[in-house]
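Below is one structure; the comments refer to it alone.
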Amino acid sequence: MFSKVLIANRGEIALRILRACKELGIQTVAVHSTADANAMHVRLADESVCIGPPPARDSYLNIPSIMAACEITGADAVHPGYGFLSENARFAQILAEHNVTFIGPTARHIEIMGDKIEAKNTARELGIPVVPGSDGAVTSEADAKRIAADIGYPVLIKAASGGGGRGMKVAKSEAEIGHALANARSEAKAAFGDDAVYIEKYLAKPRHIEIQVLGDGKGKAVHLGDRDCSLQRRHQKVWEEANSPALTPEQRAEIGDVCAKAMQKLQYAGAGTIEFLYEDGEFYFIEMNTRLQVEHPVTERITNLDIVYEQIRIAAGEPLSVTQEEITFWGHAIEVRINAENAETFAPSPGKITHYHPAGGVGVRIDSGVYQGYVIPPYYDSLIGKLIVHGRNRPECLQRLRRALDEFIVDGIQTTLPLFQRLVNEPDIIAGNYDIHWLEKYLAKKDAA
Ligand code: ADP
């Protein structure tokens with residue numbers, strides 16, 4: 001096992017990782033920008049190193065600074081959390097060259113899944129169902145038209161190096177193809193410096209359902225069931241649940257088994273998430289995230305597993321702590337993301353938290369790094385915490401969420417908590433009847449009213 005882990009992240013996830021390390025008896029090193037000197041993860045770590053000024057590119061993305069912090073503190077492993085350097089194959093490679101363990105998969109697996117075309121081809125080879133579409137990059141309008149006619153309209157043109165939903169254009173008919181192709185390519189070029197695009201069938205009303213996997217890197221892998229993350233705004237998840245209200249236990253076992261077998265074949269190491277769009281009973285792979293996800297706690301809650309603990313064990317060369325047969329799903333869990341944003345305009349709202357009273361009680365978990373008097377810096381994403389509730393079934397879980405939201409007080413800044421107070425009473429949400437467009441439509445209706 002490791003003796004000292006450096007946590008190359010900030011906020012709630014840095015604290016989450018720190019807690020797992022402490023429970024494993026591992027020393028922790030926090031790194032932080034000058035803007036985060038008073039952050040909770042810095043206060044609670046055994047050691048801390050300032051790695052640069054506030055902008056992430058100069059601190060949390062600054063590989064030489066982080067390598068120096070490893071050197072100074074003698075850390076023998078690095079946990080990257082999510083975002084920042086968590087899916088940076090070069091970082092994983094550099095750590096390996098310096099005999100520091102990257103708590104995550106191999107650089108090669110990060111690279112494969114980071115390229116959307118290669119990821120899709122790999123998924124197909126591994127037996128994972130993918131969205132019908134082009135085999136690789138498409139450059140000419142004639143090719144695009146031929147492929148689109150083959151798969152049927154509407155189609156979606158997507159950037160190979162895509163992320164955050166950028167570089168994506170829908171074409172409803174052949175007349176729109178030329179325009180959509182040109183637009184997608186120039187947007188991709190501007191956003192990612194790469195104008196490679198590919199074509200997929202456009203799914204009109206899918207749900208976003210993802211499967212959590214764990215692999216030991218030696219051919220053993222299990223799945224921890226699914227999460228439904230269909231409630232999104234601008235392709236950002238805002239509410240996640242486990243398990244999906246849309247799947248039967250049989251469908252869950254079937255797609256879970258496909259994913260676990262694929263990870264066995266790939267000899268995948270660590271935690272990963274295979275993301276699907278789900279429509280009319282069919283799953284379509286969109287991407288794989290080779291890291292811990294924001295929404296991992298809902299899975300932890302219903303499986304009674306600690307995913308970070310598993311990640312650390314796997315990286316240390318230990319076997320998975322559970323077999324597939326030992327993994328069972330208990331009850332229902334929902335996570336809502338508390339962002340420092342206006343709940344109607346979604347304008348960022350950094351600043352000082354003057355009063356803080358988190359919810360508590362049975363079945364409530366809060367993952368957050370904030371405290372009363374904490375000043376939220378304006379430089380990073382607006383997620384300040386996650387409220388995770390659990391119940392024996394979905395109705396009990398929703399009732400507990402209502403109760404927890406009523407108790408939760410954050411003053412001095414604006415948060416997305418009022419949005420969830422409304423959502424939790426919406427008939428479609430109560431019925432579990434929503435797709436990936438539901439939230440945007442709901443917000444647009446509210447704006448118009
Ligand atoms: P990114 O890496 O940019 O986030 P993804 O491939 O993960 O791109 O897709 C982001 C979102 O775009 C999905 O969650 C979904 O809302 C939408 N999307 C992607 N592919 C399709 C498709 N084939 N049909 C309909 N919507 C899609």
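These figures come from a predicted structure and were not determined experimentally. All ligand and atom numbering here is 1-based and tracks the order in the structure.
Under 4.0 Å is where a charged nitrogen must lie from a carboxylate oxygen, and between D367 and R365 at least one such pair does. Using a 4.0 Å cut-off between a side-chain N of Lys or Arg and a carboxylate O of Asp or Glu, K205 and D280 qualify as a salt bridge. The residues D306 and R16 are annotated as salt-bridged, a charged nitrogen and a carboxylate oxygen being separated by less than 4.0 angstrom. Taking the charged nitrogens against the carboxylate oxygens, E210 and R227 do have a contact shorter than 4.0 Å, which makes a salt bridge. Using a 4.0 Å cut-off between charged side-chain N and carboxylate O, E440 and R234 make no salt bridge.
Contacts between K201 and ligand 1, counted as non-hydrogen atom pairs separated by less than 4.0 Å, involve the backbone only.
In this structure, atom 3 (O) of ligand 1 lies nearest to the protein heavy atom G165 N, 2.6 Å. Residue, atom and distance of the protein heavy atom nearest to atom 14 (O) of ligand 1 are Q232 OE1, 3.7 Å. In terms of protein heavy-atom proximity, atom 13 (C) of ligand 1 is closest to I286 CD1, 4.0 Å. Scanning all protein heavy atoms for the shortest distance to atom 19 (C) of ligand 1 gives K158 NZ, 3.4 Å. Regarding atom 12 (O) of ligand 1, its nearest protein heavy-atom neighbour is H235 CE1, 3.3 Å. Here the heavy atom of the protein found nearest to atom 27 (C) of ligand 1 is L277 CD1, 3.5 Å. Atom 24 (N) of ligand 1 has its closest protein heavy atom at L203 N, 2.9 Å. The protein non-hydrogen atom at the shortest distance from atom 7 (O) of ligand 1 is E287 OE2, 3.1 Å.
In this structure, OG1 in T303 is found 5.5 Å from CG in L224, a value given to the nearest 0.5 Å.
Those atoms of ligand 1 that come under 4.0 Å of a heavy atom in I436, given as number and element, are 15 (C), 16 (O). Set against the non-hydrogen atoms of M168, the atoms of ligand 1 under 4.0 Å away are 3 (O), 8 (O), 9 (O), 10 (C), 12 (O).
Polar contact with ligand 1: absent for L156 (N/O pair, distance under 3.5 Å). Remark: ligand 1 and Y202 share no N or O pair separated by less than 3.5 Å (distance only, no angle test). Here's the thing with K116: one of its N/O atoms is less than 3.5 angstrom from an N/O atom of ligand 1.
Between the side chains of N289 and Q293, a donor-acceptor pair is found at a separation under 3.5 Å.
Judged by distance alone, with hydrogens and angles left aside, the side-chain atoms of R252 form a donor-acceptor pair with the main-chain N or O of S244 at under 3.5 Å.
For the pair R233 and F346, the cation-pi test (distance below 6.0 Å, angle within 45°) is passed.
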